[in-house]
Amino acid sequence: MSDYTMTIDGEAVSAPGTFGVVNPATGEVAAQAPDCTREQLDRAMAAAQAALPAWRGDEAARRKALQAAADLLFARSEELGRIITLEQGKPLKDATTEVFGAGVWLKYFADLELPREVIQDDDNALVEVVRRPLGVVAAITPWNFPLLLAIWKLAPALLAGNTVVLKPSPFTPLSSLRLGELLRDVLPPGVVNVVTGGDELGAWMTAHPTPRKISFTGSVATGKRVAAAAAPDLKRVTLELGGNDPAILLDDADPAAVADRLFGAAFANNGQVCSAIKRVYAPESLYDDVVEALAAKARSAKVGDGMAEGVEYGPVNNAPQYERVKELVADALSGGARAAAGGRPVDGPGYFFEPTILADLSDGTRIVDEEQFGPALPVVKYRDLDEAIARANGTHFGLSGSVWGADADRAADVAARLECGTAWVNTHLALAPHQPFGGFKWSGVGVENGPWGLYGFTEIQVIHRAKR
């Protein structure tokens with residue numbers, strides 16, 4: 001039996017069946033999660049719909065509840081962090097930081113203005129543009145940041161006056177289940193409902209007649225299915241999908257000076273970040289130095305069980321992703337690439353893979369062209385900067401990218417030529433609650449965070465009052 005319960009209409013709900021949640025550090029089932037039935041999903045949707053009128057009608061209560069939820073996460077950061085490490089694998093320090101970050105996001109949205117714009121006020125009319133909630137939101141979250149990315153959706157959706165049915169990844173359901181249990185103390189029944197299950201549950205949610213909005217974070221392939229399922233009912237969608245972020249080093253960059261930041265932005269969360277650096281383009285004159293500087297970082301990285309002291313990088317989260325990383329690295333090596341560091345799975349239990357730097361490869365290799373989403377980074381040589389920019393842009397992805405160089409103005413000019421939602425200069429993965437986050441092309445539809453993310457959970461309504 002599972003010790004974790006779903007939250008439906010403010011109550012603890014078990015399910016007739018459960019599914020196993022694997023600890024990726026051991027490869028063994030560590031807990032059971034409830035497997036939501038279609039009837040239970042209907043109950044969750046009905047509860048969210050019933051809670052909507054009172055919730056959307058009291059903005060002050062919504063802000064107060066978001067503040068209370070943030071304080072709750074701060075107080076429970078260690079407890080929730082241990083759950084995240086158990087199910088996701090990241091080091092406990094990083095997991096606790098994730099929970100703290102979720103609280104910061106809640107605080108930001110609790111104080112964010114809901115705009116009411118006057119666009120005409122004369123002798124003829126008073127015309128205002130206001131933001132109204134959409135209704136019930138179906139939120140579907142991934143396994144790499146299970147709690148933080150849930151809050152990325154919950155905080156703006158709730159502030160805007162929507163209610164939510166949340167479904168986490170079946171690989172990492174436990175932290176969201178516990179979140180639902182904790183939120184019962186600070187939110188009215190039905191405002192946030194948490195259900196867990198596999199891909200079938202996600203399909204039921206996207207096709208369900210109740211939600212007016214689907215907010216999904218995950219793979220491009222699944223995002224396309226979500227969009228197709230939402231289309232017949234004209235549900236609004238926000239899709240935060242995959243990335244294959246390039247980092248371009250200019251010829252005035254100092255490899256020794258930027259190696260720490262490059263490596264950190266590529267291997268954060270063991271490379272399991274949609275907007276992590278996924279490929280590095282280095283000029284011929286710096287190539288060998290860049291490869292060696294990154295390889296030295298990889299060789300010194302401490303990999304292990306996230307619960308252990310001093311561990312910097314945990315396992316790959318799940319078996320399918322572990323196999324994909326192995327496959328992409330093996331494909332590159334068989335095609336002539338060189339492993340300057342790593343290149344192999346770590347012996348023993350769990351889904352551990354050595355931090356890997358791949359050299360002597362180019363575009364056309366799968367690990368350069370596809371999203372690896374794991375601890376392996378290809379470094380690609382270039383001769384001409386225009387060619388490097390074209391290669392960086394020559395992909396269906398367009399989430400983020402970065403340019404690195406001693407002349408920041410020149411680097412910014414190059415960054416402006418990248419076809420992506422966020423273009424960083426001399427940094428990468430610099431995310432914040434006030435900064436919009438979204439992608440071009442196949443990397444997504446809409447944005448999250450900031451007022452722009454809030455607007456995505458609203459409809460515009462015009463209030464036109466005639467004066468004569």
Side-chain angles (χ1 to χ4, degrees), residues 24 66-67 69-110 112 137 139-159 164 166-183 192 194 196 215-218 238-243 264-265 267-276 306 314 317 373 399-400 422 428-439 444 447-450 453-454 456-457:
L66 290 180
Q67 293 282 4
D71 292 338
L72 191 60
L73 290 189
F74 292 149
R76 299 296 190 110
S77 61
E78 185 173 344
E79 174 196 349
L80 288 164
R82 294 187 73 84
I83 295 172
I84 291 172
T85 296
L86 176 73
E87 64 180 355
Q88 201 281 334
K90 66 184 63 177
L92 183 57
K93 179 182 177 182
D94 294 345
T96 305
T97 299
E98 176 180 341
V99 181
F100 187 86
V104 170
W105 251 256
L106 281 164
K107 289 283 188 183
Y108 168 79
F109 279 102
L112 186 61
V137 172
I140 303 174
T141 53
W143 47 259
N144 57 332
F145 289 90
L147 197 70
L148 179 61
L149 294 183
I151 296 302
W152 277 30
K153 302 178 187 307
L154 290 177
L158 296 177
L159 173 63
V164 180
L166 169 66
K167 176 204 172 295
S169 164
F171 292 116
T172 54
L174 305 179
S175 53
S176 292
L177 288 169
R178 184 62 181 137
L179 174 67
E181 293 170 355
L182 294 172
L183 291 180
V192 170
V194 182
T196 49
S215 182
F216 170 82
T217 301
T238 295
L239 305 174
E240 200 276 279
L241 307 178
F267 287 85
N269 201 32
N270 212 23
Q272 298 167 125
V273 185
C274 53
S275 54
N317 172 253
F373 214 73
L399 191 56
S400 314
T422 302
H428 202 107
L429 272 185
L431 304 174
H434 66 277
Q435 182 174 304
F437 181 77
V447 300
E448 297 188 285
N449 299 329
L454 174 63
F457 289 97

Report summary line: dist Phe373:CZ -> Asn270:CG (nearest 0.5 Å) comes out at 10.5 Å

**Report entry** Side-chain donor/acceptor of Gln435 to backbone N/O of Ala430, under 3.5 Å
**Finding:** yes

Report summary line: Contacts of Ser400 meeting side-chain hydrogen bond (donor to acceptor under 3.5 Å, both in side chains) (sequence neighbours excluded), chain-then-number -> Asp245

Query raised in the report: Nearest heavy-atom pair of Val164 and Ala157: which atoms, and what distance?
Result: CG2-CB, 3.9 Å

Report task. Indicate the atoms forming the closest heavy-atom contact of Leu73 with Val99, along with that distance. Result -> O-CG1, 3.6 Å

**Report entry** Derivation of the side chain to side chain contact (heavy atoms under 4.5 Å, CB included) call for Leu154 and Leu179
**Finding:** CA-CA 11 Å; Leu154 290 177; Leu179 174 67; 4.0 Å; yes

Report task. To the nearest 0.5 angstrom, please state how far the OG1 atom of Thr422 sits from the NE2 atom of His428. Result -> 8.5 Å

Query raised in the report: Mind checking whether Lys90 and Asn269 have side chains closer than 4.5 Å, heavy atoms only?
Result: yes

Query raised in the report: Roughly how far, to the nearest 0.5 Å, is CG of Leu66 from CG of Leu159?
Result: 6.0 Å

Query raised in the report: Without hydrogens or angle criteria, can the side chains of Thr238 and Lys153 be said to hold a donor-acceptor pair below 3.5 Å?
Result: no

**Report entry** Close side-chain approach of Leu182 to Leu80, heavy-atom, < 4.5 Å
**Finding:** yes

Report task. Calculate, to the nearest 0.5 Å, the distance between atoms CG and CG belonging to Leu399 and Leu241 respectively. Result -> 9.0 Å

Requested in this report: Grab the two heavy atoms, one from Val194 and one from Ser176, that are nearest each other, plus how far apart they are.
Outcome: CG1-O, 3.6 Å

Query raised in the report: Which pair of heavy atoms, one from Glu87 and one from Pro173, lies closest together, and at what distance?
Result: OE1-N, 3.2 Å

Requested in this report: With side chain to side chain contact (heavy atoms under 4.5 Å, CB included) as the test, would you mind laying out the steps for Thr217 and Asn144 before giving the verdict?
Outcome: CA-CA 10 Å; Thr217 301; Asn144 57 332; 5.7 Å; no

Report task. Locate the shortest heavy-atom distance separating Ser175 from Ile83; write the atom from each residue and the value. Result -> N-CG2, 3.6 Å

Query raised in the report: Is Leu429 close to Ser275 at the side-chain level, that is, under 4.5 Å between some pair of heavy atoms?
Result: yes

Report summary line: The reported gap from CD1 in Ile84 to OG1 in Thr96 (rounded to nearest 0.5 angstrom) is 8.0 Å

Query - Contacts of type side-chain hydrogen bond (donor to acceptor under 3.5 Å, both in side chains), residue Glu240, not counting sequence neighbours - result: none

Query raised in the report: What pairs with Leu148 under side chain to side chain contact (heavy atoms under 4.5 Å, CB included), at least two apart in sequence or on another chain?
Result: Glu98, Ala102, Trp105, Phe145, Trp152

Report task. With rounding to the nearest 0.5 Å, note down the distance linking OG1 in Thr196 to CG in Leu177. Result -> 4.5 Å

Report summary line: Only one of Asn317, Leu147, Thr141 passes side-chain contact (heavy atoms from CB on, under 4.5 Å) with Thr172, and that residue is Asn317

Requested in this report: Kindly state each residue pair satisfying salt bridge (Lys or Arg N to Asp or Glu O under 4.0 Å) with at least one member in residues 167-182, sequence neighbours excluded.
Outcome: Glu79-Arg178, Arg178-Glu181

Report summary line: Applied to residues 428-439, the salt bridge (Lys or Arg N to Asp or Glu O under 4.0 Å) test, sequence neighbours excluded, yields none

Report summary line: Heavy atoms of Asp71 and Lys107 approach each other most closely as OD1-NZ, 2.9 Å

Query - Listed once per pair and sorted, the ring-ring contact (aromatic ring centres under 6.0 Å, His included) pairs that draw on residues 73-92, sequence neighbours left out - result: Phe74-Phe100

Query raised in the report: Would a 4.5 Å heavy-atom cut-off, applied to side chains only, mark Cys274 and Phe437 as touching?
Result: yes

